[in-house]
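Lettering of chains follows the sequences in order, A, B, ..., and the numbering in each one begins at 1. Since we're looking at a predicted model, the values are computed, not measured.
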Amino acid sequence: MSPALDVDALLDDRGTRIIVCCGSGGVGKTTTAAALALRAAERGRHAVVITVDPARRLAQSLGLTELDNTPRRVPVDGGAAGDPPGSLHAMMLDMKRTFDEIVKAHADPERAAQILENPFYQSLSSSFSGTQEYMAMEKLGQLRRSDAWDLIVVDTPPSRSALDFLDAPKRLGRFLDGRLIRFLSTPSKTGAFRLLGAGFGLVTGVVAKVVGAQLLKDVQSFVTAFDAVFGGFQERADQTYRLLQAPGTAFVVVAVPEGDALREASYFVERLDAERMPLAGLVLNRTHRALAPRLSAARGTAAAEALEESGDHPLAASVLRLHAERVQTQARELRLRERFTTAHPGIGVVEVPARPEDVHDIDGLRGIGRSLARTEPADPL
Amino acid sequence: MREPRPPSPGRPAAAHKLRWVSARDRDWDGVRLHVVTGKGGTGKTTLAAALALALASGGKKVLLVEVEGRQGIAQLFDCPPLPYEERRVAVAARGGDVHALAVDAEAALLDYLEMFYGLRRAGQALTRFGVVDFATTIAPGMRDVLLTGKATEAVRRRVRPERAARRGARDEARAPFVYDAVVLDAPPTGRIARFLNVNAEVAGLAKVGPVRNHADRVMEVIRSPETVVHFVTILEEMPVQECLDGIAEVHKAGLNVGGIMVNMVRSPLLDPAGLAEAADGAVDVEAIARGLRAAGLDRPEQVARELSGEVVEHARRLRAETAARERLTAPGRPRYALPHLGEGVDLAGLYRLAEALREQGAA
């Protein structure tokens, strides 16, 4: 059996400065991030949670009504057991605005305007598949440097795969610093590219033919303007990367007890290990546990059949069927959990039982926080 | 091919079990491209595969296309990873074939260059220079137009003229289509409108030129009455909200909204009155205990108390599901209920889902 993930110890440790919640889509990353930040605040931390694309009602419960790059104060109760009062701020990431801000901060006004108006920039900043990930990390870096909060909890973007979030910033950096973009921005008849030989003319021709000369021109003017102010997007991506490896950062992998989600969680755990990024543990969301643990599915089903045959006690028969189903669900979830923990021994796990209804207020988040900290019953393991 | 007819309006929801959608004639006659989307975790790929099986049954030929590089189709049909090549993955009920294709943006680009420009060698040079990476990963509009382009090409593809001639067709335009229908396992709901609206995406980047022309051709198919977008959801608040938001977005983009596939529906185990009381926390623990005693189980009182907690949770979840189901009536689209299959979906489960879709008129 795997060790328990001690959430309160993680939140109470003043050395914990950043918590990154990651995992595949639809597993409850945002809710987990918000619940962790709320619990931290109620235990005396000055916490801020960066959410990416939260469900509307959850956002509303945090007082967030629109994309907004400024953290907003969320009123919370003071420490439960005489802890010094903490605070909670929340913000919803606006990736385009974050990108715009970087440009404005680093370029003189004229050049910034030039970049912001470039159609290629507009496409890149609003829809490049890595921009959201990159900007989430950028925002994290900014908030960390500002030192206005002692704990930052980040929710990661809803990517196709959990790994996108680690790969995308590098990919964007590589792209903006890469060979191709320099190639595109170099006048074709000059420079070192002549040395590339016969392939070169062929490539320029095809690029122009396929993407069109206008787009090529947009890219070229974008790169020229951008490169001069930036001198190394890659450097920024690397900085962010180092921040994630630094002591004080903790990754929390979120999953649900389903094959796909746990497979993704496995990949992610292995990847974090390979990148030497500190993993705090696994949050297993929406688990089901039978409340009558000693009554097996087989006995329940047999009893239900006997009652159904007699025609008496229809309520008890239905309840027994329901129980048998639940025990089977539990058994399947335990098998999946065990498969994960066998492959990754030593990784702390905490289960958050499924709730009949969605969480969309502070009270609900507080309840999730209690489950995370195991101060609520329901984890019979 | 039959004349396309406009998608049919929604139907009233009756109250119980899986019967809250009534059987009727097929809802999507005339539709040849079925785009299936849904929030992550709702079973989008599974239902896309089931729909392909359902559409193929009775001797049709259907292509199932996946675009996210996950090899979800191969896993479902229990076959080796799919190459960039259309191959048969299943035989449908009463005859009929499902073929599958995993579209890879890079391969699609090389394909496209060769098909339209005869540029195989140049394509390889492009790969060397990282241009393909640029076109497929960096500029998402480009990537999407390549992926949707492959699906729409399959929709329009006709049997080769010489073969058509043997079948008696007089000219190429009259040659029969290769596929009776194409099912596209599309990106999740949050990205679907943008993914399909490639024209708008590309227009911002390329105002003229071949990419733009290609996008226009793709868009023509996607906007036509031959294409609909189906939404997969489960009866939980967030997926339902995303589904409704997605429907509104797709509608606003001028695309045709298809049906709503409600996945993982469970039959309630208690009668409605009992459920309503249980949701409020009132469970007749003594009646349960009497039943347990009659069935010869140990410690009936204690077990009955424990079980009553399970009943309350079950009833509350069903209450939330009912509310979610009510909300799904708002868009006025046909709804299909697909049963929860317990232990994950195997091949047999896929056929069951396909049958359920057919019974309810989705195919």
| task | Sort out for me which of Gln302(B), Arg317(B), Glu242(B), Gln75(B) touches chain A most, counting heavy-atom pairs under 4.5 Å. | result | Arg317(B)
| Taking all non-hydrogen atoms of both residues, which atom of Pro356(A) and which atom of Ala320(B) are closest, and how far apart? | O-CB, 3.7 Å
| Top residue by heavy-atom pair count (under 4.5 Å) with chain B, among Arg294(A), His288(A), Glu258(A), Arg299(A)? | Arg294(A)
| field | Point-to-point distance, once rounded to the nearest 0.5 Å, from CZ of Arg290(B) to CG of Leu307(A) | value | 12.5 Å
| Option that, when pairs with chain A are counted at under 4.5 Å, heavy atom only, ranks first among Arg316(B), Glu237(B), Glu236(B) | Glu237(B)
| message | Which atoms of Arg326(A) are under 4.5 Å from chain B, going by heavy atoms: the side chain, the backbone, both sets, or neither? | response | side chain
| Atom pair CD (Glu310(B)) and CG (Leu291(A)), whose distance is rounded to the nearest 0.5 Å | 4.5 Å
| field | Distance (rounded to the nearest 0.5 Å) between Ser318(A) OG and Leu275(B) CG | value | 9.5 Å
| said: On a heavy-atom basis, which atom in Val311(B) and which in Leu322(A) lie closest, and how many Å separate them? | reply: CA-CD2, 3.9 Å
| note | Smallest heavy-atom separation, Ala287(B) atom then Ala316(A) atom, equals O-CB, 4.4 Å
| field | Under 4.5 Å from any heavy atom of chain A - which part of Asp284(B) | value | both
| For Arg299(B), is it the side chain, the backbone, both, or neither that has a heavy atom closer than 4.5 Å to a heavy atom of chain A? | side chain
| query | Considering only heavy atoms, which portion of Ala306(A) lies under 4.5 Å from any heavy atom of chain B: side chain, backbone, both, or neither? | reply | neither
| note | Rounded to the nearest 0.5 Å, the NE2 atom of His323(A) sits from the NE2 atom of His314(B) at a distance of 14.0 Å
| In Å, rounded to the nearest 0.5 Å, how long is the span from CG of Leu269(B) to CG of Leu315(A)? | 11.0 Å
| remark: Heavy atoms of Gly291(B) and His313(A) approach each other most closely as CA-CG, 3.4 Å
| field | More than 12 heavy atoms from other groups under 6.0 Å of CG on Asp271(B) | value | yes
| request: Report the distance from atom CG of Leu292(B) to atom CG of Leu320(A), rounding to the nearest 0.5 Å. | output: 5.5 Å
| query | Would you call Arg355(A)-Glu313(B) a salt bridge at under 4.0 Å N-O? | reply | no
